[in-house]
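Please read the structure below before turning to the comments.
Order of appearance sets the numbers: ligands from 1, and atoms from 1 within every ligand.
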Amino acid sequence: MSKTFAVIGDPISHSLSPNIHSAAFRELNLDCVYIGYRIPKDELESGIEGLKKIKIEGFNVTIPHKIRIMKYLDKIDESCSLIGAANTIVNVDGNLKGYNTDMDGFLEPFKKKGLEIKNSKILLLGAGGAARAIVAGFAKEKAKSITIANRTIENAEELSEFAGKIGLASDVLKIENVKDTAKNYDIIVNATSVGLKNEQSIISLDGINEKTIVYDIVYMPMNTDFIKKAKENNAIVIYGYEMLLGQATRAFEIWHNMEAPYNAMKKALLGGF
Ligand code: NAP
């Protein structure tokens, strides 16, 4: 019998996950389908019941459910308990186990390109859900320190406290006070949603150079203004789609217990732009 997978969230029609996973099924000739399923914010519980009824094999979770899904899970893995949010769920006879593949997905491009994180000085823009997974990733890879710059300073402070708890030295800044300091960092990451609507980069990247790694986790559009400014300064760039692909391949491996067909998934993703 065909196995069913899904991504849940609201909105969901823009999600590229059905394209990416369907391409993997085609590539490996797997008898599986992957659907986008819109579950509004206050209908999560009944939505999950529905998924159990159709014997869903597994599902991804996106905005706005990543944190609230936690209370419906029977088991969680280490990444999930560390980050406090889940984005990949396995269903075994009605028992749900949660994973968080955002952290490994974020780190994947560094590994693929052989870029070192250890002892680096990081500037992180943003302090939302994705930023939390990113802080956990930098702590895991033993970065030297992280400066968290955010519009709402209280959110940056909360994330900084989390960084301290998991052994990563940090400080905080209001985003408008970053000014011309980008050049003092080895790795600069945009984890705000600024760029999604083609906005200008929220910080100046003047003075960075060909050794600076600039990573925008916004994946649509692919060439955000932040990425364009990084390229103008000859920096090493990592695109948001690379993280998206990293978390999707990891989710695939959790569900199917086999290596994900990276190139087929990448082709499907880039075709979606
Ligand atoms: P979130 O929890 O809602 O956090 C949003 C962050 O953006 C907060 O830090 C918020 O600051 C900041 N922000 C929003 N509008 C802003 C503005 N106009 N000026 C300055 N800062 C602003 O969202 P999230 O889940 O962390 O996701 C953030 C972005 O990452 C989204 O665009 C999402 O699509 C993308 N993402 C990509 C991947 C991938 O695989 N590539 C994975 C996850 C997320 P405040 O604290 O002040 O509100």
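- An N or O contact shorter than 3.5 Å is missing between Ala131 and ligand 1 by distance.
- Note: no N/O pair closer than 3.5 Å links Lys66 and ligand 1 by distance alone.
- Leu96 is listed as a side-chain neighbour of Ile48, based on a closest heavy-atom distance under 4.5 Å.
- Here is the list of ligand 1 atoms found below 4.0 Å of a heavy atom in Gly128: 2 (O), 4 (O), 9 (O), 26 (O).
- For Lys41, the NZ atom counts as loosely surrounded, since its 6.0 Å shell holds 12 or fewer non-hydrogen atoms of other residues, nucleotides or ligands.
- The closest side-chain heavy-atom distance from Tyr219 to Leu269 is not below 4.5 Å.
- In summary, the atoms of ligand 1 found under 4.0 Å from a heavy atom of Gly126, numbered by their order in the structure, are 9 (O).
- Checked against a 3.5 angstrom limit, the closest N/O atoms of Asp102 and ligand 1 fall outside it.
- Considering Glu176, Arg151, Met220, Glu242 only, the shortest heavy-atom separation from atom 18 (N) of ligand 1 involves Arg151.
- Checked for salt-bridge contact, Lys112 and Glu242 miss the test: no charged N lies under 4.0 Å from a carboxylate O.
- Ligand 1 has at least one atom lying under 4.0 Å from a heavy atom of Ala127.
- Geometrically, ligand 1 and Ile202 share no nitrogen or oxygen pair separated by less than 3.5 Å.
- Atom 37 (C) of ligand 1 has its closest protein heavy atom at Ile217 O, 3.2 Å.
- The presence of a protein heavy atom under 4.0 Å from atom 47 (O) of ligand 1 is confirmed.
- Of the N or O atoms in Leu196, none lie within a sub-3.5 Å distance of an N or O in ligand 1.
- Other residues, nucleotides and ligands contribute more than 12 heavy atoms inside 6.0 Å of the CG atom of Asn209.
- The aromatic rings of Phe5 and Tyr34 lie parallel to each other, with less than 30° between the two planes, well short of the 60° mark.
- Under a 4.0 Å N-O distance rule, the pair Arg132/Glu158 does not qualify as a salt bridge.
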